[in-house]
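The structure appears below as structure tokens.
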Amino acid sequence: TTVSLPSGKDYYNVWCIFTKVASNSPMRRKFEIFAESLLKLSSVDIAFHVITDDDSKNVAEKLLGNILSSTGKFMKVQYYDVHELALQLADIVSVMSPHFSSKPGTYYSDALFFLSLGLHRIAPAEQSVAAMFDADTKFRRDIKELFDEFNTFGSQALFGLSPELTPVYRHVLYLYRNKHPDTLFGEPASSGGYPGYNSGVVLFNLDKLRNSSVYDAIVKKEKVDAMTEKYHFKGHLGDQDFYTLLGMEKPELIHTIDCGWNRQLCTWWRDRGYADVFGNYSKCDSETKLWHGNCNTPIPDD
Ligand code: UDP
Ligand code: MN
């Protein structure tokens with residue numbers, strides 16, 4: 001692979017979205033757990049890029065200040081205004097929202113869930129690789145080990161993501177699966193299938209993304225409309241719906257990361273008619289390196 005990992009005084013670029021803390025106050029504590037576990041376990045220099053709004057930025061500054069002093073460790077922190085980024089990526093958002101948004105709302109609440117798809121246009125040019133995390137995650141291992149995944153990216157891989165650990169895409173692909181009874185799309189990974197991707201953790205080969213005419217083309221309206229039609233796909237999970245389709249149409253563009261790096265805890269689908277198969281999807285035999293307390297699920301203490 002041609003990716004050069006950070007070395008010397010280069011930073012490991014970590015991105016996170018932290019917005020609307022006033023209306024979503026549990027998010028403060030989640031973000032604190034995420035940032036503290038990241039810093040505590042890290043053996044490398046981190047540049048932390050926080051996408052935020054004015055009120056949330058104030059909260060983040062205080063929380064991060066406390067974490068730096070309590071851990072006695074340092075990381076560089078930069079803030080980006082979510083409204084500005086939403087404007088910069090309005091083209092991508094307008095293509096994606098009709099297909100992958102549950103309740104298309106304001107331009108900005110929608111944009112929040114699609115920013116990762118244009119990170120290469122937002123991230124300063126000196127960033128050649130980066131990782132983005134949901135704030136409802138908690139590290140159990142050094143982030144350096146996650147960045148080592150870049151070394152195993154295929155020659156065309158633009159992104160790295162872990163599998164979705166629920167049957168949500170079995171559900172979303174219901175019609176397609178009926179028409180194609182032998183398809184592996186929507187089947188659990190534990191039986192050799194393709195359950196889709198979860199976007200709580202995303203690795204970006206930013207240099208490749210910036211130079212990819214293939215990627216530029218596939219985020220255009222005609223291509224996205226055609227893909228969703230082909231698979232009768234109506235999603236509601238934002239960027240990860242797009243990554244999931246991308247993994248079906250152009251699997252070489254996505255490197256699959258070990259499930260232990262995004263150990264999702266949400267059990268919502270188990271109690272919605274999928275109790276019989278849920279265990280096949282949530283199964284992840286590797287060591288948990290990062291917890292993801294999705295759908296507001298508490299994260300274990302250890
Ligand atoms: N987020 C945010 N403010 C919000 C909602 C979401 O900053 O009001 C960010 C945050 O980083 C969060 C991510 O968007 O982790 C995705 O949302 P969430 O984790 O709640 O979705 P889930 O993983 O449960 O599907
Ligand atoms: Mn999450």
Side-chain angles (χ1 to χ4, degrees), residues 14-38 48-61 63-64 77 79-86 89 93 96-97 100-103 105-119 122 130-139 161-169 171-172 195-202 235-244 257 259 261-270 272 281-282 288 290-300:
V14 176
W15 288 78
C16 184
I17 298 173
F18 183 61
T19 60
K20 300 193 241 186
V21 288
S23 55
N24 187 355
S25 60
M27 194 54 78
R28 296 178 188 209
R29 181 68 188 131
K30 292 176 187 181
F31 181 76
E32 190 177 21
I33 290 169
F34 161 68
E36 185 175 30
S37 63
L38 162 69
F48 191 28
H49 307 278
V50 187
I51 298 171
T52 192
D53 51 47
D54 288 344
D55 293 343
S56 310
K57 182 184 174 188
N58 284 326
V59 175
E61 281 173 336
L63 287 178
L64 294 177
V77 184
Y79 295 94
Y80 302 78
D81 183 85
V82 68
H83 301 280
E84 278 172 32
L85 303 191
L89 301 182
V93 178
M96 301 291 167
S97 323
F100 309 133
S101 203
S102 56
K103 38 174 181 1
T106 66
Y107 83 97
Y108 137 73
S109 71
D110 270 354
L112 203 62
F113 298 106
F114 298 109
L115 289 181
S116 79
L117 301 178
L119 189 72
I122 291 166
M132 184 180 267
F133 300 88
D134 273 11
D136 59 343
T137 57
K138 181 186 179 186
F139 283 86
L161 291 101
S162 295
E164 167 66 31
L165 297 180
T166 76
V168 61
Y169 294 114
H171 185 84
V172 169
Y197 287 111
N198 183 279
S199 61
V201 175
V202 185
H236 62 285
L237 295 175
D239 57 0
Q240 80 165 51
D241 289 333
F242 177 75
Y243 291 122
T244 293
I257 304 171
C259 58
W261 274 113
N262 182 354
R263 188 70 184 80
Q264 301 129 236
L265 292 163
C266 181
T267 56
W268 195 87
W269 287 98
R270 189 184 57 199
R272 300 296 188 295
Y281 288 83
S282 61
T288 298
L290 177 135
W291 290 117
H292 183 184
N294 55 156
C295 75
N296 297 315
T297 313
I299 292 176

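Numbering of ligands and ligand atoms starts at 1, following listing order. Only a predicted model underlies this, so the values are computations on that prediction, with no experimental measurement involved.
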Distance alone, cut at 3.5 Å: any donor-acceptor contact between the side chains of [X] and [Y]?
X	Y	value
Tyr243	Glu164	no
Asp241	His236	no
Asp53	Ser56	yes

Atom name, Asp134 (N, O or S, nearest to the Mn ion (ligand 2)) |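 Of all N, O or S atoms belonging to Asp134, OD2 is the one nearest the Mn ion (ligand 2).
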To the nearest 0.5 Å, atom CE of Met27 lies from atom OG1 of Thr19 at 7.5 Å
His292 NE2 and Asp136 OD2 subtending at the Mn ion (ligand 2) (10° steps) =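 OD2 of Asp136 and NE2 of His292 make an angle of 90° at the Mn ion (ligand 2), to the nearest 10°.
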Check ligand 1 for N or O atoms under 3.5 Å from a protein N or O and list each pair with its distance.
unit_1: ligand 1; atom_1: 3 (N); unit_2: Thr19; atom_2: O; d: 2.9
unit_1: ligand 1; atom_1: 3 (N); unit_2: Thr19; atom_2: OG1; d: 3.3
unit_1: ligand 1; atom_1: 7 (O); unit_2: Ile17; atom_2: O; d: 3.3
unit_1: ligand 1; atom_1: 7 (O); unit_2: Thr19; atom_2: N; d: 2.9
unit_1: ligand 1; atom_1: 7 (O); unit_2: Thr19; atom_2: OG1; d: 3.3
unit_1: ligand 1; atom_1: 8 (O); unit_2: Asn24; atom_2: ND2; d: 3.2
unit_1: ligand 1; atom_1: 11 (O); unit_2: Ile17; atom_2: O; d: 2.6
unit_1: ligand 1; atom_1: 11 (O); unit_2: Ala135; atom_2: N; d: 3.1
unit_1: ligand 1; atom_1: 15 (O); unit_2: Ala135; atom_2: N; d: 2.9
unit_1: ligand 1; atom_1: 15 (O); unit_2: Asp136; atom_2: OD1; d: 3.3
unit_1: ligand 1; atom_1: 19 (O); unit_2: Asp134; atom_2: OD2; d: 3.2
unit_1: ligand 1; atom_1: 19 (O); unit_2: Asp136; atom_2: OD1; d: 3.1
unit_1: ligand 1; atom_1: 19 (O); unit_2: Asp136; atom_2: OD2; d: 2.9
unit_1: ligand 1; atom_1: 23 (O); unit_2: Asp134; atom_2: OD2; d: 3.2
unit_1: ligand 1; atom_1: 23 (O); unit_2: Asp136; atom_2: OD2; d: 3.4
unit_1: ligand 1; atom_1: 23 (O); unit_2: His292; atom_2: NE2; d: 3.1
unit_1: ligand 1; atom_1: 24 (O); unit_2: Cys295; atom_2: N; d: 2.8

Would a line drawn from the ring center of Tyr80 to the ring center of Trp15 be shorter than 6.0 Å?
-> yes
For the side chain of Asn262 and the backbone of Leu290, is there at least one donor-acceptor N/O pair under 3.5 Å apart?
->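 Answer holds: no.
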Determine whether Glu61 and Tyr79 make a side-chain contact, defined as any pair of heavy atoms from C-beta on separated by less than 4.5 Å.
->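 Yes, their side chains come closer than 4.5 Å.
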